[in-house]
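As structure tokens, the structure follows; a few thoughts come after it.
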Amino acid sequence: MPTPALPHALADLGGPEDDGGVGEHDEDQEHGVEPARPPLSEARAREMTAGLREAMDDVRRSVAVLAARVRDAHAARVWLPLRRPSWESHCAAEFGISRAQAYRLLDVARALTTIHDAVAAGPELSHTRDTDPAAAAALDYGLSQRALIAVSSRTDTVAEIITRRLAALAHSGLQSLDTATVRDVVRQAVHDVRTAPPPQPAEPPADPTVAALRRGVDDLAASSHAIGELMIEVAPAYLSNIEAAYILTLLCDKIGEPLEHGLAARRYALSSDRRALSGTVL
């Protein structure tokens, strides 16, 4: 069975916040044999590494441009003048992507817009209020699509953390916040929300049996989230559920986990919505 083609429209390079390398594998396991090459000088190796870093940065910056254009196109209901019934049908016809991918684009756009608005509202940052895609890209937070999708259901929390921390820095005596400082604040806020444990209920159940069961459910959900993160390492976020199933079938068989459970954990890690686990582990 041939390996399905990957959807280039959602290609995602993981950033440093992704806790994993991009396409890591052992060179000795390559199927092809390349002809011998002369050894690189240190200067040439550094030059090639700098070029690779620049290319990766360009991809991450393009996420901001893509997000701004998706947001504007969806807000304008661009599919209606083209006589299409919905956003997902428009994306399928124009870009050849699935319904899930079409809505992941919206998740990325909404997450980045919320973050951008939180930064723009900060002290001495009025220049970031411009919503033009090129201006949005100029303030590069270094966030991958995977990171934005992971916090898309908790962007209000991310925005609140960003606002609070920028205000604290301003009140500490800084006259202005440079781009590097803002970038670090944003990245740290996203990382903190991604890795935070699920919030506890305001009032724990009075019944000790119910409280114990709730703790068990929370522990199971946390374990499923961790499994989902590992599944994403094997089947990255830009793959559709069908493509991920093809890749994860062998892995799930080896670890003794039903494929549907592995896919549900992956969806949960992508969305942080426990409903993704409904009918499987929860």
Side-chain angles (χ1 to χ4, degrees), residues 1-32 88 91-92 96-108 111 143-154 190-191 193-199 213-282:
M1 178 176 181
T3 302
L6 302 186
H8 297 294
L10 287 178
D12 175 29
L13 290 179
E17 74 280 358
D18 284 334
D19 301 322
V22 179
E24 290 185 14
H25 54 76
D26 191 332
E27 280 187 323
D28 293 335
Q29 294 178 358
E30 291 282 12
H31 295 293
E88 58 263 35
C91 288
I97 62 176
S98 69
R99 180 180 185 276
Q101 290 166 332
Y103 281 99
R104 279 202 293 272
L105 282 174
L106 286 178
D107 287 340
V108 169
L143 298 171
S144 66
Q145 287 186 14
R146 177 180 168 189
L148 291 167
I149 290 170
V151 300
S152 61
S153 64
R154 295 171 287 173
V190 170
H191 176 270
V193 171
R194 287 185 71 186
T195 58
L213 287 171
R214 185 186 294 276
R215 286 194 299 272
V217 169
D218 288 342
D219 289 344
L220 185 57
S223 297
S224 296
H225 193 280
I227 292 172
E229 288 283 349
L230 294 174
M231 294 292 172
I232 293 171
E233 293 295 332
V234 179
Y238 58 78
L239 295 180
S240 69
N241 207 50
I242 294 174
E243 292 163 335
Y246 177 81
I247 293 173
L248 294 175
T249 297
L250 182 59
L251 173 64
C252 288
D253 183 61
K254 285 185 175 180
I255 65 175
E257 184 76 6
L259 176 61
E260 62 179 316
H261 288 191
L263 291 172
R266 179 177 177 272
R267 289 193 297 271
Y268 178 41
L270 287 170
S271 66
S272 297
D273 186 340
R274 284 196 187 181
R275 288 174 296 181
L277 302 174
S278 179
T280 56
V281 293
L282 286 181

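Computed from a predicted structure; not experimentally measured.
- Rounded to the nearest 0.5 Å, atoms CD1 (Ile227) and CD1 (Ile232) are 12.5 Å apart.
- Considering CZ of Arg266 and SG of Cys252, their distance stands at 11.0 Å, rounded to 0.5 Å.
- Here Leu250 pairs with Lys254 under the side chain to side chain contact (heavy atoms under 4.5 Å, CB included) rule; sequence neighbours left out.
- A distance of 4.5 Å separates CG of Leu259 from OG1 of Thr249, quoted to the nearest 0.5 Å.
- Leu220 has its side chain out of reach of Leu277: every pair of non-hydrogen atoms, C-beta onward, lies at least 4.5 Å apart.
- The two residues Ser152 and Ala111 make their nearest non-hydrogen contact at CA-CB, 4.3 Å.
- Counting only heavy atoms from C-beta outward, the side chains of Met231 and Leu251 approach each other to under 4.5 Å.
- Here the CG atom belonging to Leu248 is positioned 14.0 Å from the NE2 atom belonging to His261, to the nearest 0.5 angstrom.
- Of the inter-residue distances, the one linking Ile247 atom CD1 with Leu263 atom CG reads 11.0 Å to the nearest 0.5 angstrom.
- Using a cut-off of 4.0 Å between Lys/Arg side-chain N and Asp/Glu carboxylate O, Glu260 and Arg267 are scored as not salt-bridged.
- Judged purely by atom type and a 3.5 angstrom limit, Arg194 has no side-chain atom pairing as donor or acceptor with the backbone of Ala150.
- Side-chain contact between Val108 and Arg104: absent, with no pair of heavy atoms (C-beta onward) separated by less than 4.5 Å.
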